[in-house]
Amino acid sequence: MEINLQKNYQPKDFEDRIYRAWEESGSFHAEADEDKKPFAIVMPPPNITGQLHMGHALDQTLQDALTRWKRMQGYSALWLPGTDHASIATELKVAEGIMASEGKTKEEIGREEFLKRAWEWKKEYGGRISRQMRKLGDSCDWARERFTMDDGCNRAVTEHFVNLYEKGWIYKGNRMINWCPSCGTSLSDIEVEHEDKNGLYWYFRYPGVDGEDVVVATSRPETMFADVAVAVHPKDGRYSGVVGKRVRIPLTDKEIPVVADLYPDPEKGTGAVKITPAHDANDFEVGERHGLEKPFCIDETGRMTALAGKYEGMDRMECRKAWVKELDAAGYLVKTEEKVIPVGTCYRCDTIIEPILSEQWFVKMDEMAKPAIRIAKEKALRHVPDRFEKTYLRWLEEIRDWCVSRQLWWGHRIPAYYCPACGQMTVSRDAPGFCPRCGHTGLRQDEDVLDTWFSSALWPFSTLGWPEKTKELAYFYPTDVLVTGYDIIFFWVVRMAFSGMEVMGDTPFRHVLVHGLVRDAEGRKMSKSLGNGIDPLEIIDGYGADALRFMLLIGASAGNDMRFQTDKLEGARNFANKLWNASRFVIMNLRDENGGFLEIADMGEEGWSAGNPALRDEDNWILSRMEDAIGEVTRHLDRFDLSLAAQRVFELTWGEFCDWYIELVKGRLYGEDEGSKAVARAVLLKTLGNILKLLHPFMPFITEEIWGYLPKPAWARQRDEGMLISASWPEVGADPGRETAAKRLERAMEAIRSIRNIRAEAEAAPSRRLAAAVLADAETAEALRAEEAHIKSLAGLSAVSYVEKREDAPAEAASAVISGAEIFIPLDELLDYKAEHERLGKEKARLEAEIARVGSKLENQSFVAKAPEAVVRAERDRLADYKEKLGKLAARLEQVKNKL
RNA sequence: GGGGGCAUAGCUCAGUUGGUUAGAGCGCUUGCUCGACAAGCAAGAGGUCAUAGGUUCGAAUCCCAUUGUCCCCACCA
């Protein structure tokens, strides 16, 4: 193999190539394999009209990391991708496109033609987002890619709809719904966003017909034409005289009754409320109670109806202005008041929603919500973090019937058919050829389509084959984890939960991993209107997919928002570069000049145990760090703490492997002892191999690329001989036998750090080799002697000597105290006793403070009695260590003082 | 009107079931062309963990209150 590793991490050199290799190898594909345990994630399907944004990047990176990890653990790991038809969003986009190119409205084009265009649109753009996912490195099973309007999903939707209808849980009814005049469709309650706007209250006098005038307040004067009553509270004394009398709608000849109802709050406004049943949910109920008419004055396009007389056809907001002006001129406007008014707006187009009375399809929710509540309470469905369970439950507990019909064309058409002759409605899986009641043919299908979320609610099982009884469904359902943002819990998670329970009788997923939003550097939400969005593809282009992924993973703690900052990204990129170069170092040291492999010790099964005498202290140390990291990373992943897992590998890679092990092992690699070199190579390879494995779920490209350059050692398991994506997840536990060796090395590290510190403080010329004298107890002396070569090379010493007594140590020297030893460095003319005195004094003060703290703790009898033994012992050891250090420090300080 | 999050180093944030000398990255200071890496190496400065109580042998961590801040839900004219 040609080895020509670039000096720097250059992701463009390999990302596309690696992805192709994965895809061609079939590694992404998961079967219902009875020899393996199943693991499944269904991907929240992005909109076909959409583009990959940072939210997707985070969402998908989390899913991909989990999938890759489980795949390596030997599960049949399925990550099922797909896209959503996004009824409203797509319809708006397609209509916009047609208008832009042909200047026609969708009505002018007609339903058939419009749908043809929409499918063309889907064909053109539907693939875009999946191409973008490949750039991110998503290891999803493309062979199982689905679309919410493909044949299988269509069948699932129809089947489910008909089942619910037959059960009586879907009904058609004339009720108050949210209407978006701009989109021209009804919306469900959660598709309405609530915001407070500064607005006006107008107080109007309704002249009495057979009694007194009544003043009412309203924020929507244009609805006045559809008033059918004025309501007052029965106990409101101010109005006791007018109840039962009539008033007239100003400037009209319409007379309406004053009714007594519990709805009006005497504290608010004037205590009298105008009642407009067709345009307000509360008023609707008042109207029902009093058997009132429900006339409309605003139509579905937001214009005034004939009821508004000369304002007919005028936009509702225009009418409001003109009507108020007219009323004012006529003396009916009593006063106006500035007030904050809560208004509902459309989540897609931001238009103010009109509550109107309309005949729509509804799903009855009370019974269906119950099992969904139960699974959360019984923990068959767990939220991570668990606080989101509250959000989930509260919504289900307050759930109201779900308006599922939309006056749109792009979507699943409601399977209800009407007889043109007798009007009979038939709900059926297939279009009936004739009316079951009168036998007439030519039945017309309902014009409306279903809410997008009706089909996505079925996603966890429709994608696995339902309503067919497929082996995939039996094997992968319930899925393991659903990954999504907290903003989607109401829209989607809840609906999948109750639908899953209704259809499958089991939770659709055992865990919901909830993440937050990716915000911009200032903490603002990324949005089109602010123009502060960051395109993941540009970032991948500039920094690499792995850098982006790692940055997202390490920066996102579960459920919390994160900020997207360039310096974080650079940090992740730098980490990739660090890994790249450490790997380059390893590879360079594994190969000879001809590109062949040098001898790597065959450690076999037993060779890795601490008992193998061929292993040096630094080998045991890095192996123990590696074993610790394997345990911790796995534990964090088990708990869905991806961020902590990533941090631990980061530390292993950079802080332990690069900063220490590579430096410690260089002496051996450049030395003459071939046997020792072969062992060093083995440890390098073993450790790097495991680092790549631990890192692969987070940074799949670079780890796979490096993996390809590594020789497959004799100890490799069969699975590890192919690509990293399907290699085995490391499982080694800690080897307690390494402790002694690791302790010796750590003692040496402490010495190295102290000496480096002295050097830096004294500004000793770095190139200058220094001699050190050590005054140590027997055990420490042994440890330091064993590690002397490392201490010399890493701390830049020419010689280390050992002395028995303080008096034998060089007098003219800087010194440092470590556990069990004192180190003296003669610095000649560079020695500054004043600085030395200050440095040691500071250290002494710190130790004294610690001794006081630990001492008082140990003097506390209840601490000693009640705290766990291990904690007490640790404190005692610490105290002894501090006291020993303090003793030396005090003695040394005395010496230094005399030099001043 | 309900519900929830957050408050830890100059900045952005970790801190897993209460026991560390409270951490990281960036920034800052100082010194480094030592045969993987200046996208780097080494040394260092920097925090009374928002405030006030409580529980406990022991609190950044658990409880209560307060302040600030952000978000979600809600049919109030």
Side-chain angles (χ1 to χ4, degrees), chain A residues 5 7-9 176 189-190 194 201 216-220 231 263-265 268-276 280-285 341-342 344 355 387-388 390-391 394-395 398 486-487 489-490 516-517 521 523 547 554-555 557 559-563 565-568 570-589 632 635-636 639 641 643-644 647 650-651 655 658-659 662-663 666 670 753 756-761 763-767 793-794 796 846-847 849-850 853-854 857 860-868 870-872 874-875 878 882:
Chain A
L5 289 179
K7 195 177 165 188
N8 279 330
Y9 161 63
M176 191 57 71
D189 294 335
I190 48 168
H194 298 271
Y201 268 10
V216 301
T218 181
S219 59
R220 297 163 64 209
Y263 164 60
D265 181 347
K268 294 202 173 123
T270 61
V273 187
K274 63 193 252 341
I275 300 299
T276 322
D280 182 280
N282 288 308
D283 292 6
F284 175 78
E285 284 171 22
I341 312 224
R387 72 181 127 92
F388 288 102
K390 221 172 241 180
T391 316
R394 204 162 44 82
W395 200 75
E398 291 169 12
Y486 56 70
D487 49 335
I489 293 176
F490 295 143
L517 271 36
I554 213 152
S557 60
N560 293 334
D561 293 352
M562 66 175 298
R563 296 187 193 205
Q565 284 162 324
T566 312
D567 56 359
K568 288 186 196 168
E570 281 173 2
R573 192 267 323 264
N574 294 353
F575 175 59
N577 188 55
K578 189 73 183 175
L579 174 70
W580 182 261
N581 276 291
S583 304
R584 206 158 67 97
F585 172 85
V586 172
I587 291 163
M588 280 162 54
N589 281 288
E632 278 201 60
R635 193 169 54 87
H636 289 315
R639 308 166 65 120
D641 284 330
S643 162
L644 294 178
Q647 277 177 47
F650 177 91
E651 173 60 19
C658 293
D659 287 350
I662 286 185
E663 296 305 325
K666 276 179 179 171
Y670 302 149
R753 273 190 279 256
R756 283 170 171 174
N757 184 329
I758 289 173
R759 281 195 106 103
E761 298 274 319
E763 295 180 7
S767 51
S793 69
L794 297 200
R846 195 185 64 83
L847 275 177
E850 280 306 309
R853 195 184 62 79
V854 178
K857 215 171 182 180
N860 182 343
Q861 285 311 307
S862 45
F863 169 72
V864 178
K866 292 184 183 172
V871 172
V872 177
E875 293 291 350
R878 194 175 293 156
Y882 289 157

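Chain letters run A, B, ... following the sequence lines, proteins first and then strands; every chain starts at 1. None of these values were measured; they are calculated from a predicted model.
Distance noted for atom C1' between B:U33 and B:G27: 25 Å (whole Å). Comparing B:C6 with B:U12, their C1' atoms are spaced 14 Å from each other, to the whole Å.
Checking the phosphate oxygens (OP1, OP2) of B:C11, no side-chain nitrogen or oxygen of A:Lys568 falls inside 4.0 Å. Contact annotation: A:Asn581 side-chain N/O to B:G40 OP1/OP2 distance is not under 4.0 Å. Considering only side-chain N and O atoms, A:Tyr670 lies under 4.0 angstrom from the phosphate OP1 or OP2 of B:A36. Applying the 4.0 Å criterion to OP1 and OP2 of B:G4, one finds that A:Arg387 has every side-chain N and O outside that range. The phosphate of B:A77 (OP1 or OP2) has no side-chain N or O of A:Thr218 nearer than 4.0 angstrom. A:His194 has no side-chain polar atom (N or O) that falls below the 4.0 Å cut-off from OP1 or OP2 of B:C72. In this structure, A:Asn560 reaches the B:A14 phosphate: one of its side-chain N or O atoms is under 4.0 Å from OP1 or OP2. Applying the 4.0 Å criterion to OP1 and OP2 of B:C71, one finds that A:Tyr486 has every side-chain N and O outside that range. Between A:Lys666 and B:A36, a side-chain N or O to OP1/OP2 separation shorter than 4.0 Å is present. A:Arg753 has no side-chain polar atom (N or O) that falls below the 4.0 Å cut-off from OP1 or OP2 of B:A42. For B:G40, one of the phosphate oxygens OP1 or OP2 lies less than 4.0 angstrom from a side-chain nitrogen or oxygen of A:Asn574.
The base of B:C37 does not come close enough to the side chain of A:Lys7 for any donor and acceptor atom to sit less than 3.5 Å apart. If you check distances only, the side chain of A:Arg878 never reaches the base of B:U21 with a donor-acceptor pair under 3.5 Å. A donor N or O paired with an acceptor N or O is found under 3.5 Å between the base of B:A36 and the side-chain atoms of A:Glu663. A donor N or O paired with an acceptor N or O is found under 3.5 Å between the base of B:U21 and the side-chain atoms of A:Arg846. With hydrogens and angles ignored, a donor-acceptor pair under 3.5 angstrom links the side chain of A:Arg573 to the base of B:A39. For B:C26, the base has no donor-acceptor partner in the side chain of A:Asp567 [N/O atoms by modelled type, under 3.5 angstrom].
Between the side chain of A:Asp641 and the main chain of A:Leu644, no donor-acceptor pair closer than 3.5 Å is present. Not a single donor-acceptor pair under 3.5 Å links the side chain of A:Asp561 to the backbone N or O of A:Gly516. Side-chain atoms of A:Asn577 never come within 3.5 Å of backbone atoms of A:Asn8 as a donor-acceptor pair (strictly under, hydrogens ignored). Not a single donor-acceptor pair under 3.5 Å links the side chain of A:Lys7 to the backbone N or O of A:Asn581.
Among the nucleotides B:A77, B:A39, B:A36, the one closest to the side chain of A:Cys658 is B:A36.
Relative ring orientation between A:Phe388 and A:Tyr486 is described as parallel, the plane-to-plane angle staying below 30° on a 0-90° scale split at 30° and 60°.
The interatomic distance linking A:Asp659 (CG) with B:G40 (C1') rounds to 10 Å, in whole Å.
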